[in-house]
**Student:** 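Okay, handing you the structure first.
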Amino acid sequence: MLIYLNMAIPVIAILLMILFFGKKFQLWEYAIIFAIPLIGIIIAKSVSINNQTRDEEILNYYFVSAKYTEFYQTYVHQTCTRCVRYDSTGCVQEETYDCSYCDDHPPHWEATDNLGKIHSISENKYNELVLLWNNESKIELNRNINYHFGCGVDGDAFITKIKNDSLKYIVPFIKKHVYENRVQCSDNVFNFQEIDSSDKRLYGLYEYPPENTFNYNPILGVNNLEASKRLSKWNGKLGLHKRCHLLICVFKNKSNIAATKQESYWKGGNKNEVVLCIGVDNDNKISWTYVFSWTDNQLLKIELRDEILAMNNFDLIKIVDHFGNKVSKSKGWIKKSFKEFSYINVEPTHTTIIITFIITLILTVVLCVYGINNRFEDER
Amino acid sequence: MKKSLLIGGLSLFGLIVICGISLTMVFFSYSNREITLRNRATAQEKENKTVFDKMSKTILQQAQINEKYASDFKEVILKNTENRYKDKDPAMLWITEQNPSLPQETYLKIMNSIEALRAEFQQRQTKLISIQQEHTNLLTLFPGSLFLTGRKPLEIKIVTSSKTEAAFSTGVEDDINIYQK
């Protein structure tokens, strides 16, 4: 609300204009001096709040079928007209000519996800799916191809479908989704402590993994491609029904404070995330576990923490499967609705207020100078 | 001259009207927000009551079931042992058998329940505190403080223990031995 105090500038300016340059202004000019800064302030406020509350979560899906449509070519018979003689009025004589052409239709590959949406994919991705599902079949499209000298190639389509939703056949992919997170930018008790760079270095805290549509790595701290792929498959499988996103952070020879620092650094994580933090010692034994998530289901977090800790040996594939199974079987997993936090008030930043003040001041001065010097005073 | 005076007067009047309407709107906006937060806190307090009730009943009943299970288990073991050694040659009693032990899962389950329900209740209480914080901010920060003078601060009920209350009122916590009775 403080940002609206900037409106004092145009109000004072209008008063001054009435007092000293009353003759040079019309009513609509005063309205402009008032309205333009007001619009600017409203825009600045919404941009600032939107920037502060904007957050991104990762949504997970998997492909259920893929289709390859072959290249085809057909000769298109067509007659066109063109102008052959012009004069000052324009075209005076036209002629018709044969403008038939060979129409090329390039091949394309597409895949349908478990939501029913179609995505364009690369040839390599299609081949990967064919190899994995091993059930490609041909669809005869019965196209009407016109052959003409060297032009004319018939093309059909091929389709492959997922056999079942077991992890073996799942090809996951991710999509970004923007949502409003009022907690992250507020001074509310729900917010977390700020983590500085020294804490980040000391505890070896992680940034979010880079968003790669097909090669997203949900495991941080360990380079285990097989486990990463497996957890991505679990994410794909659980993504639609459970609406969750699983992540694992591994901390080697760090105290369990690292996990709480990680939670603070990620501001509790995104609303659909379950983050499993594991402390591992030099002997590859699990020394501690910590789970954080915005879910209201505390039991899931506690059981998961204890069960992973009880595994003792750091076997990442086993951990990934246990993690995925636990969340998939947990009836109580509920994605937190951040609309719950709509009561948290977010104000534009001080920088925004100062910049808006300067812009309002400049705008008001410009509008006043324009009002004084424009031609509309002469019309009166 | 008259026309320019008229335009000036009209502009001044318009400005006053716009400012008046804006201030009224701001007042109602603040007032409604304050009432919404107050209502939300009341609702949250009621929700906390039900969560607390659920928590204490679940823990109590799980503990009761556990206790009953343990006593039944003990009875079965005793009866079994009695029947097994009844009318047996005392010379053979040196043979020891491994008796079945009480499964730990039941205890683990109740431990997890206690922790989860406590955490859930803590989260609800945090939400109530968060609402109060928003309300206090609204009442005390400028320009809200200008429009909401005379409104009472929000009072909330937070469930703690007498031990916590005592520690916070005295600023001293001597009871640091975890095995002290």
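To find a chain, count down the sequence lines: A is the first, B the second, and so on, and within it residues start at 1. Values reported hereafter were calculated over all heavy atoms of this structure, with side chains retained and with hydrogens, waters and symmetry mates removed.
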**Student:** Checking side-chain hydrogen bond (donor to acceptor under 3.5 Å, both in side chains) for the pair B/E134/A/N188: CA distance, chi angles, key distance, verdict?
**Tutor:** CA-CA 8 Å; B/E134 287 298 313; A/N188 196 273; 3.3 Å; yes
**Student:** Is there a side-chain contact between A/H245 and A/N270 (heavy atoms, below 4.5 Å)?
**Tutor:**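 Counting from C-beta outward, A/H245 and A/N270 never come under 4.5 Å.
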**Student:** Answer yes or no on whether A/K271 is positioned over the face of A/Y179, meaning its NZ or CZ is under 6.0 Å from the six-membered ring centre and within 45° of the axis.
**Tutor:**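 Yes, a cation-pi geometry.
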**Student:** Spell out the residues in residues 6-15 of chain A that have some non-hydrogen atom less than 4.5 Å away from a non-hydrogen atom of chain B, in order of number; otherwise answer 'none'.
**Tutor:**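 So far as heavy atoms go, A/V11, A/I14, A/L15 are the residues that approach chain B to under 4.5 Å.
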**Student:** Side chain, backbone, both or neither: which part of B/K127 has an atom under 4.5 Å from a heavy atom of chain A?
**Tutor:**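 Looking at B/K127, backbone and side chain both touch chain A.
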**Student:** Given heavy-atom pairs under 4.5 angstrom as the criterion, report whether the side chain, backbone, both or neither of B/F142 touches chain A.
**Tutor:** both
**Student:** If you count heavy atoms of other groups shown closer than 6.0 angstrom to CZ of B/F121, is the number above 12?
**Tutor:**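 Yes - once you tally the heavy atoms of other residues, nucleotides and ligands closer than 6.0 Å, there are more than 12.
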**Student:** Please walk me through it: do A/Y290 and A/E263 pass side-chain hydrogen bond (donor to acceptor under 3.5 Å, both in side chains)?
**Tutor:** CA-CA 10 Å; A/Y290 182 76; A/E263 185 181 19; 2.6 Å; yes
**Student:** According to the interplanar angle, ranging from 0 to 90°, do the rings of B/Y30 and B/F147 count as parallel (below 30°), tilted (30 to 60°) or perpendicular (above 60°)?
**Tutor:** parallel
**Student:** Please classify the contact between B/R33 and chain A as side chain, backbone, both or neither, with a heavy-atom cut-off of under 4.5 Å.
**Tutor:**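 Side chain of B/R33 only, per the 4.5 Å heavy-atom cut-off to chain A.
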**Student:** What option among B/G144, B/S130, B/A116 has the most heavy-atom pairs under 4.5 Å with chain A?
**Tutor:**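 Counting heavy-atom pairs under 4.5 Å, the top option is B/S130.
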**Student:** Quick one: what part of A/D306 sits under 4.5 Å from any heavy atom of chain B, side chain, backbone, both or neither?
**Tutor:**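 It is the side chain, since no backbone atom gets that close.
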**Student:** Among B/L141, B/I131, B/L138, B/I129, which has the most heavy-atom pairs under 4.5 Å with chain A?
**Tutor:**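 Answer, by heavy-atom pair count under 4.5 Å with chain A: B/I131.
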**Student:** Tell me, side chain or backbone of B/L15 under 4.5 Å from chain A's heavy atoms, or both, or neither?
**Tutor:** side chain
**Student:** Can you confirm whether or not the ring centre of A/F192 sits under 6.0 Å from the ring centre of A/W266?
**Tutor:** no
**Student:** B/M111, B/E120, B/Q123, B/R124: which one forms the most heavy-atom pairs within less than 4.5 Å of chain A?
**Tutor:**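 Between B/M111, B/E120, B/Q123, B/R124, the count favours B/Q123.
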**Student:** Does any heavy atom of chain B fall under 4.5 Å from the side chain of A/L5, the backbone, both, or neither of them?
**Tutor:**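 The side chain, not the backbone.
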**Student:** Run the numbers on A/Q298 and B/E115 for side chain to side chain contact (heavy atoms under 4.5 Å, CB included), then give the verdict.
**Tutor:** CA-CA 8 Å; A/Q298 305 295 331; B/E115 195 181 349; over 6 Å; no
**Student:** Does any backbone or side-chain atom of A/Y30 lie under 4.5 Å from a heavy atom of chain B? Answer side chain, backbone, both or neither.
**Tutor:**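 Only the side chain of A/Y30 comes within 4.5 Å of chain B.
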